[in-house]
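What follows is a set of notes on a single structure, which appears directly below.
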2 protein chains.
Amino acid sequence: MQLTRQTEYAVRTLIELVNSPPGAMMNSRTIAEKQNMPEKFLNKTIQILVRAGMVETRRGMQGGIRLAVSPDSVTIADVLKAIEGKLAINPCLEGDRYCENQGACPVRRVLQRTQEAILAELSRETLADLAKGEVFCS
Amino acid sequence: MQLTRQTEYAVRTLIELVNSPPGAMMNSRTIAEKQNMPEKFLNKTIQILVRAGMVETRRGMQGGIRLAVSPDSVTIADVLKAIEGKLAINPCLEGDRYCENQGACPVRRVLQRTQEAILAELSRETLADLAKGEVFCS
DNA sequence: GATAAATAAGATATAATTAGTCATATTAGT
DNA sequence: ACTAATATGACTAATTATATCTTATTTATC
């Protein structure tokens, strides 16, 4: 019942990008150093964000990363989904999962509510909101 | 960001015990079959519940498992804590963890709230409440 | 009392996931 | 063309979750 470290890296990276000059490319090493994350692993993480359409990258000199979306249109829930693939906290809550007792199952009911609560909280604030704070744990 | 399967096994086992004749020993194989869980793995899971004081076991013929607590005094949150060891969804939220930016960190703030929401939902209903439903997903 | 059957307990092994590193390809400036 | 900066993608290692196997204990039966 934990966020993966990669999700945290992704969030912190995005915030870092929000706080950088708009439109400018930022290189991943700088972000990795600032936020104390393993550089190569961060690159991998960035790839996922690229595929999710949240950032865009350019190779070569003067290359780097920048946001591809508006900071106020992305929440931690979005990042979580992009990185971890799904939001279901238990298999029985996955969309395509069939369970004959779905309606009656009390466990599922509690988990369903829990998941909704998680989503609600993680969707409350956007990257733009988060970036105002400027500092985070390392 | 998922419950472990073991946590689910534990919850389902406890509900099974709540629904069995009070005070009677139930054997783990029966529970495993009824709930479609791997028997030996369930045994391991039960051990954790024993150490947490939630159930008591007796070996040998006529042995088995039974609840050691009142069904209305245990919530899924309690089980989660017993099985997964901690409730923190991110390292920065663990009790003993020091982070100089704790107060100001916006990421931590969101995660903190999320964690509280999770706990609130998982603490809402006790085993006694859950057991009323009788069926669950398999 | 000895033996066998039932049962949990504990140790070990496998599989899956997460985290991290290394080698390659691409781009831009010189 | 060459070199340095940079992302990309393949590979490796570590951790965690899951499952199985072996051993110890208890009770009933003979």
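Below, chains carry the letters A, B, ... as their sequence lines are ordered, and counting in each starts from 1. Please read these numbers as outputs of a predicted model, since none were measured by experiment.
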d(CZ, A:Phe41; C1', D:dA13) in whole Å: 12 Å
For the side chain of B:Met61, starting at C-beta, report the closest nucleotide among D:dT18, D:dT22, D:dT27. D:dT27
Mind calculating the distance between CG (A:Leu49) and P (D:dA7) to the nearest angstrom? 13 Å
Picking from C:dA28, C:dA8, C:dT18, the nucleotide nearest the side-chain atoms of A:Arg58 would be C:dA28
B:Arg5 side chain, from C-beta outward: closest of C:dT21, D:dA7, D:dA19: D:dA19
Within the structure shown, what part of the strands sits under 4.0 Å from A:Ile65 by heavy-atom distance: base, sugar-phosphate, or nothing? sugar-phosphate
B:Lys40 NZ to C:dT7 P, straight-line distance once rounded to whole Å: 13 Å
Go through the steps for A:Glu121 and A:Arg124 under the test salt bridge (charged side-chain N to carboxylate O under 4.0 Å, His left out), then give the verdict. CA-CA 5 Å; A:Glu121 285 301 329; A:Arg124 265 174 77 155; 3.3 Å; yes
Below 4.0 Å: OP1/OP2 of D:dA7 and any side-chain N or O of A:Ser28: yes
Is A:Gln6 touching bases, backbone alone, or none of the nucleic acid, heavy atoms closer than 4.0 Å? sugar-phosphate
Report which part of the nucleic acid A:Asn27 touches: base, sugar-phosphate, or nothing (heavy-atom distance under 4.0 Å, all strands). sugar-phosphate
Sequence neighbours excluded and cut-off under 3.5 Å, please list the side-chain donor-acceptor pairs for residues 51-65 of chain A, or say none.
residue : atom : partner : partner atom : Å
A:Glu56 : OE2  : A:Arg66 : NE           : 2.9
A:Glu56 : OE2  : A:Arg66 : NH2          : 3.2

Spell out yes or no: do the side chain of B:Arg59 and the base of D:dA24 have one donor N/O and one acceptor N/O closer than 3.5 Å? yes
Please determine whether a side-chain nitrogen or oxygen atom of A:Tyr9 lies at a distance below 4.0 Å from atom OP1 or OP2 of C:dA19. no
Donor-acceptor pair under 3.5 Å: do we get one between A:Lys44's side chain and the base of C:dG20? yes
